[in-house]
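On a predicted model such as this, the values are computed, not experimentally measured, just so you know. In what follows, every heavy atom counts, from backbone to side chain, and hydrogens, waters and symmetry copies are set aside.
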Amino acid sequence: HFEKLMHVQAGAIAAYARGYQALGDPSLLLDARRIAGYLDRFLSGPDGGFWVSQDADVGAHDQKTRFVDGHVYYQLDNAGRRALGLPRTDQHVYPTENGLAIAALCALYEASHDEEVLKRARTAADLVLKTHVDADGSVRREAVVAAGQKGPPMRHLLDAAAFGYGVARLAEVTQAGPYREAAGRIARNLLKSFADKRSGRLYITTPDPAAAGVFARRTQPFAHNVAAARFLLAVSRVTGDGSLRRRATQLLAQAATPGGVTGEGRLIGEFLLTLDEAGVLLL
């Protein structure tokens with residue numbers, strides 16, 4: 001399948017960059033740079049934000065355009081593909097995807113010391129902080145509240161956790177106070193807005209005032225709680241706030257219970273990375 005998803009691209013950049021730091025193989029750094037270059041060419045908006053994805057095929061969303069299956073399209077060379085057009089990109093600017101890209105570029109910067117890579121990460125972070133983050137640290141999915149919407153919009157845990165992690169990583173690599181302060185605000189709001197006071201776990205969303213019946217039921221997914229724990233650990237590192245580290249380790253302990261990972265073993269990689277950042281010894 002040829003769809004290009006931001007979370008896959010960002011994960012690959014970070015993995016190759018970390019691999020280069022661990023092994024010193026220059027081909028790993030080259031691959032990380034090449035993927036980052038793809039983001040610049042195809043998943044970047046004119047304002048500096050990162051887009052969500054690129055389709056697998058050409059013409060899948062336009063009946064006036066010839067449809068070309070990805071299996072055919074990607075057998076062609078670059079000139080042949082360009083002649084047929086480009087697969088459509090989803091040009092939404094969401095906090096989750098931007099946070100993942102920013103954190104990945106921070107990893108690439110640590111491996112390459114390329115100031116242009118860091119500049120690109122900062123451009124995206126500055127945009128999303130301005131357009132999607134309120135003064136109290138709440139992170140919104142859409143930049144503009146829909147006309148006529150009653151009450152505050154529903155917010156998503158992963159938006160706060162992923163974008164907050166990207167900002168915290170920027171604070172780590174730049175030592176810039178504004179990023180450190182923004183990450184702290186997002187962390188405090190996350191714990192205030194998403195926590196289940198009974199279990200201690202975090203809900204996937206804030207309450208949706210328009211939802212009814214089964215759609216009003218909020219879950220506490222393993223992967224989203226792990227992402228939040230990773231974010232809180234990063235904020236603890238840059239702020240020295242030990243309470244955030246304790247809250248993160250609590251989330252990890254709850255996620256490690258048999259019920260916490262049921263049906264979600266495929267997502268264990270992020271859990272292991274978060275344990276690594278927490279300094280937990282894996283035997």
Side-chain angles (χ1 to χ4, degrees), residues 1-44 50-54 74 96-125 158 161-175 179 183 222-224 226-238 248-249 252 255-256 261 264-283:
H1 190 62
F2 299 98
E3 186 178 13
K4 311 297 192 304
L5 304 172
M6 177 57 81
H7 76 268
V8 176
Q9 311 306 311
I13 291 171
Y16 282 123
R18 287 173 61 122
Y20 169 73
Q21 288 182 292
L23 303 174
D25 182 345
S27 69
L28 298 175
L29 181 59
L30 176 61
D31 283 339
R33 286 184 175 279
R34 291 173 64 195
I35 301 167
Y38 166 78
L39 298 189
D40 282 338
R41 293 191 302 276
F42 296 103
L43 290 183
S44 291
F50 287 106
W51 294 339
V52 176
S53 64
Q54 186 175 32
Y74 285 102
T96 292
E97 282 75 13
N98 276 266
L100 295 173
I102 291 163
L105 293 181
C106 287
L108 179 54
Y109 171 75
E110 289 174 324
S112 67
H113 306 291
D114 185 340
E115 292 293 334
E116 288 301 312
V117 169
L118 186 59
K119 180 181 177 180
R120 181 68 189 88
R122 296 185 71 150
T123 297
L158 194 57
F163 180 68
Y165 182 69
V167 174
R169 290 288 289 122
L170 265 179
E172 279 193 295
V173 300
T174 65
Q175 298 297 305
Y179 293 133
F222 168 79
H224 297 66
V226 168
R230 195 177 190 188
F231 165 45
L232 296 177
L233 286 169
V235 181
S236 178
R237 291 196 300 270
V238 299
T249 56
L252 289 173
V261 297
E264 301 196 61
R266 68 189 184 282
L267 303 173
I268 202 71
E270 288 295 321
F271 180 60
L272 296 176
L273 287 170
T274 308
L275 289 178
D276 181 55
E277 291 191 17
V280 175
L281 179 63
L282 301 177
L283 298 178

- Task: For the pair T274 (side chain) and E270 (backbone), establish whether a donor and an acceptor sit closer than 3.5 Å, ignoring hydrogens and angles.
- Result: yes
- Query: If every non-hydrogen atom of A107 is compared with every non-hydrogen atom of A14, which pair is closest and at what distance?
  - Reply: CB-CA, 4.2 Å
- Which heavy atom in A183 sits nearest to a heavy atom in F231, and how many Å separate them? O-CZ, 3.5 Å
- Task: Enter the distance from D40:CG to L105:CG here, rounded to the nearest 0.5 Å.
- Result: 7.5 Å
- Item | From CG (L233) to CG (L252), nearest 0.5 Å | 6.0 Å
- Task: Please report the C-alpha distance between E97 and Q9 in whole Å, then the side-chain angles of each, then the deciding distance to 0.1 Å, and finally whether the side-chain contact (heavy atoms from CB on, under 4.5 Å) criterion is met.
- Result: CA-CA 10 Å; E97 282 75 13; Q9 311 306 311; over 6 Å; no
- Query: So, do E115 and Y109 sit near enough that their side-chain heavy atoms are less than 4.5 Å apart?
  - Reply: yes
- Query: Can we say E116 and R33 salt-bridge, meaning some charged N sits less than 4.0 Å from an Asp/Glu carboxylate O?
  - Reply: no
- Query: Distance from C106 atom SG to I102 atom CD1, nearest 0.5 Å?
  - Reply: 7.5 Å
- So how far is it from L29 CG to L23 CG, rounded to the nearest 0.5 Å? 12.5 Å
- What are the two closest non-hydrogen atoms of A229 and A248, and how far apart are they? O-CB, 3.4 Å
- Task: Give the minimum heavy-atom separation between A234 and A168, together with the two atoms involved.
- Result: CB-CB, 3.7 Å
- Task: Please report the C-alpha distance between L108 and D114 in whole Å, then the side-chain angles of each, then the deciding distance to 0.1 Å, and finally whether the side-chain contact (heavy atoms from CB on, under 4.5 Å) criterion is met.
- Result: CA-CA 8 Å; L108 179 54; D114 185 340; over 6 Å; no
- Hey, could you give me the CG/CZ distance between L275 and R230, rounded to the nearest 0.5 Å? 10.5 Å
- Note on the structure: The side chain to side chain contact (heavy atoms under 4.5 Å, CB included) partners of Y179 (sequence neighbours excluded) come to R122, A125, D126, L129, V167, L170, A171, T174, A176
- Message: When you compare the side chain of R120 with that of F50, does any pair of heavy atoms fall below 4.5 Å?
- Response: yes
- Item | OH/Y16: more than 12 non-hydrogen atoms of other groups inside 6.0 Å | no
- Item | Minimum-distance pair of heavy atoms, taken over all atoms of A17 and A111 | O-CB, 3.8 Å
- Side-chain touch V173/E110, heavy atoms, less than 4.5 angstrom: yes
- Task: Heavy atoms only: give me the nearest I35-A12 pair and the separation to one decimal.
- Result: CD1-CB, 3.7 Å
- Message: Once ring pair (Phe, Tyr, Trp, His ring centres under 6.0 Å) is applied, do any residues pair with Y38, and if so which ones, sequence neighbours excluded?
- Response: F42
- Give, for atom CZ of R18 and atom CG of D276, the distance between the pair rounded to the nearest 0.5 Å. 5.5 Å
